[in-house]
Amino acid sequence: MDRAPTDRSNPMYTDVLGRPFATQSVIYPLPADAQEHSRLDLQHHMLKVLVDGLYVPPDLVKKALDPTQRHQKCGVLDVGTGSGIWAVEMAKEFPSADVVGMDLVNPANAIETPPNCRFEIGDANLDWGRYADAFDVVHMRCVASGIKDFKAVLRNVAQTLRSQGAILLVAPAQICSETKKTLEYHDEATPGWSAMAALNAASGRATM
């Protein structure tokens, strides 16, 4: 089915300089509108090129989602699903699995959702008790800016993941070019300078 864009007049949003932000969290710093979710779609396609697919390592993920080995209906949880594109593509690749995308708001753009995929409102920083022992693969990609306590979130993941399941944590530490080569830091106004590479270098110095 097709999901309609989210109504920004919903009380789950607050307006900041003309753009809607989720009201459920004061931690997550980015807006929750069609423009932002289009950016997340672009990020998704870039990461697919970088890792040659939706997930790594493919053998472990496929084994975790093989119903003939699991002897039950398999489940996938996409934490911080954003635009929902990863969840939708996983649902298409694994039509026998139930795929759930969880985030502070629903996807902002209209999106064709397979029957085995759904989106739920939830804050990764809160208790996931309703998901206990419910999923064979848990995916978390680029969610660091919205996480308050990583130990608590990983505890939730452990309680959610079934035995022999797989957790996929994606957090790019380097900025790469279209040829998959790391962009090195260069001084501004010199050949090869990149604002993203400069930001990445500054972030690295700040966390060392």
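Asp66 has its side chain out of reach of Lys62: every pair of non-hydrogen atoms, C-beta onward, lies at least 4.5 Å apart. Using a 4.5 Å cut-off on side-chain heavy atoms (C-beta onward), Asp78 and Met140 make no contact. Taking 4.5 Å as the limit, every side-chain heavy atom of Lys48 sits out of range of all side-chain heavy atoms of Tyr55. Within the 4.5 Å cutoff, the side chain of Trp128 has heavy atoms near those of the Val153 side chain. The shortest side-chain heavy-atom distance between Leu104 and Ile121 does not fall under the 4.5 Å cut-off. Side-chain atoms of Val138 and Leu168, non-hydrogen and from C-beta on, never get closer than 4.5 Å to each other. In this structure, the side chains of Glu112 and Val88 stay at 4.5 Å or more apart for every pair of heavy atoms. Leu161 is not listed as a side-chain neighbour of Asp133, based on a closest heavy-atom distance of 4.5 Å or more.
Val79 is connected to Phe135 through a chain of hydrophobic side-chain contacts under 4.5 Å among Ile, Leu, Val, Met, Phe, Trp and Tyr, so both are in one cluster. With hydrophobic clusters built from ILVMFWY side chains whose heavy atoms lie under 4.5 angstrom apart, Phe119 does not share a cluster with Val99. Cluster membership check: Leu77 shares its hydrophobic cluster with Phe150, using side-chain heavy-atom separations under 4.5 Å among Ile, Leu, Val, Met, Phe, Trp and Tyr. Cluster annotation: Val157 is connected to Leu169 through the hydrophobic network of ILVMFWY side chains, with a link wherever side-chain heavy atoms come within less than 4.5 Å.
Using modelled atom types, one side-chain atom of Arg70 and one backbone atom of Ala64 make a donor-acceptor pair closer than 3.5 Å. A donor-acceptor contact shorter than 3.5 Å is absent between the side chain of Asn125 and the backbone of Ile147.
For the pair Met90 and Leu65, the tightest heavy-atom approach, listed with the atom from each and the gap, is CE-CD1, 4.0 Å. Taking both residues in full, the closest heavy atoms of Ser83 and His37 are given as CB-O, 3.5 Å, listed atom of the first, atom of the second, then distance.
For Arg155, the side chain to side chain donor-acceptor pair (under 3.5 Å) test picks out no residue, with sequence neighbours left out.
Through ILVMFWY side-chain contacts below 4.5 Å, Leu126 is grouped with nothing and stands alone.
Side-chain contact annotation: Thr81 with Asp103, donor-acceptor N/O pair under 3.5 Å absent.
With respect to Glu36 and Arg39, a salt bridge is recorded, a charged nitrogen being found less than 4.0 Å from a carboxylate O.
Between the CD1 atom of Ile85 and the CD atom of Gln43 there is a distance of 11.0 Å, given to the nearest 0.5 Å. Atom CZ of Arg118 sits about 12.0 Å away from atom OG1 of Thr113, to the nearest 0.5 Å. In this structure, Asp136 CG and Ile167 CD1 are separated by 13.5 Å, a value rounded to the nearest 0.5 Å. Note: Asp98 CG to Cys117 SG = 9.5 Å, rounded to the nearest 0.5 Å. With rounding to the nearest 0.5 angstrom, the CG atom of Leu47 is 12.0 Å from the CG atom of Asp52. The NZ atom of Lys63 lies 12.5 Å from the SG atom of Cys74; values are rounded to the nearest 0.5 Å.
Other residues, nucleotides and ligands place no more than 12 heavy atoms under 6.0 Å from the CD atom of Gln164. More than 12 heavy atoms of other shown residues, nucleotides or ligands fall within 6.0 angstrom of atom NZ in Lys73.
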Margin query: Would Met102 and Tyr131 count as a side chain to side chain contact (heavy atoms under 4.5 Å, CB included) here? Give the steps.
Written below: CA-CA 11 Å; Met102 179 183 74; Tyr131 293 142; 3.6 Å; yes
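Taking the six-membered ring for Trp and thresholds of 30 and 60 degrees, His139 and Trp86 have nearly parallel ring planes, at less than 30 degrees apart.
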